[in-house]
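Chain A is the first sequence line, chain B the second, and so forth, proteins listed ahead of strands; every chain is numbered from 1. Note that these values count all heavy atoms, side chains included, but never hydrogens, waters or copies made by symmetry.
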Amino acid sequence: MPELAEVERNRRVWSDGHSSKVREVFLRGEKRVFRGLDARRVPIELTGRVLRASESHGKQMMFCFGGQVFLGVHLGMTGSLRTESPDYRPERHDHIVLFQAKRALVFNDPRLFGRILFSVGEAPESWRDRAPAVLSAEFTTRYVGSHLKRRARSPLKAVLLDQAIFPGVGNWMADEILWRAELHPSRPAGGLTPEELRRIRKESRWVCREAIRRIADRGVDPPKSWLFPHRWSDGGICPRTGAALVREPIGGRTTCWSPGRQPIHFT
DNA sequence: GGAGATGTTTCAAG
DNA sequence: GCTTGAAACATCTC
């Protein structure tokens, strides 16, 4: 269940293990989540290290250990982090478990779309090269506009999902942003007026900030006044207009929008 | 049994 | 060389 705020919530679960040493590492190194790295190094480097700090950025998380050891986690579509007791026995879809004195930090991912990054000395390149956060000062209307221009012919929905532009925005957040900005998800990204561009930036930031407050800080789902609870199945009603919502694939993903509120008038 | 799922990467075509 | 769309990845749930 991992978009920006869910990712941050998962990070906070493992942050229980800050300042504690890793006594033992369990991992299923042959699994796809370790693609692109030599998984045998992971237990060798991590055993005996203290988890010093962690950070999330978009859909990525980085856990930093003593000795400049870095463990990155991407939850993919079905990944999750949780803690268990120190005598926990790893189960079927647990791919890495870090045992500490008072808990076990567990990464579970049935569908294996998630990914583990690992490096020693400095953080992995993809972490160092990440795009500006939606909530950062660099995320200006000018910045958004220049990136949308490059994707001029793609539907807005597809561009909102581009992690190099909107880090952390996933399928439901993209729908929420477009619904609030009153923009049809099929609109070509290059055809927005300056005013519409400002709305994209404003609502992107609002949805990211509020999602973190509710989901990461308080652990509750967005309320009925959002598109969120109405978008998951056919038959949903727009909480602003009272009209039927539409669900159709756009940009390769299930997309939900409110026709009266988000017209296709190509300006 | 079949379709679809809150994601990314890769590949081929335009 | 860049953009774009579709397929592939693997498993579970409805």
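For Lys59(A), counting side-chain heavy atoms from C-beta on, the closest listed nucleotide (dG5(C), dT11(C), dG7(B)) is dG7(B). The side chain of His93(A) approaches dC12(C) more closely than any other nucleotide in the set dT6(B), dC12(C), dT8(B). Closest approach to the Ser154(A) side chain among dT4(C), dA5(B), dT11(C) is made by dT4(C) (side chain taken as heavy atoms from C-beta onward). Taking every side-chain heavy atom of His74(A) into account, dG7(B) is the closest of dT9(B), dG7(B), dG5(C). Closest to the side chain of Arg231(A), from the set dC9(C), dA5(B), dT6(B), is dT6(B).
Using a 4.0 Å heavy-atom distance criterion, Gly170(A) is classed as a sugar-phosphate-only contact.
For the C1' atoms, the distance linking dT6(B) with dT4(C) amounts to 23 Å, nearest Å.
OP1 or OP2 of dG7(B) sits under 4.0 Å from a side-chain N or O of Arg253(A). A sub-4.0 Å separation between OP1 or OP2 of dT11(C) and a side-chain N or O of Thr78(A) is absent. Distances shown here put every side-chain N or O of Arg115(A) at or beyond 4.0 Å from the OP1 or OP2 atom of dT8(B). For the OP1/OP2 pair of dC12(C) and a distance below 4.0 Å, the side-chain nitrogens and oxygens of Arg92(A) include at least one atom meeting the criterion.
Of the residues listed (Val25(A), Leu98(A), Val22(A), Ile96(A)), the one engaging Pro43(A) in a side-chain contact (heavy atoms from CB on, under 4.5 Å) is Val25(A), and it is the only one.
For Phe166(A) and Phe139(A), the ring centers are positioned less than 6.0 Å apart.
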Review point. Where each pair must be Watson-Crick or G-U wobble with both distances under 3.5 Å, what dot-bracket representation of DNA chain C is obtained, with crossing pairs in [ ] and other-strand partners as |?
Key: .||||||||.||||

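Phe113(A) qualifies as a stacking partner of the dC9(C) base, centre to centre under 5.5 Å and near-parallel within 30°.
Taking the ring axis of Trp172(A) as reference, the NZ or CZ atom of Arg231(A) does not stay both within 45° of it and closer than 6.0 Å to the ring centre.
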Pairs: protein N or O with nucleotides 12-14 of chain B N or O, under 3.5 Å:
none

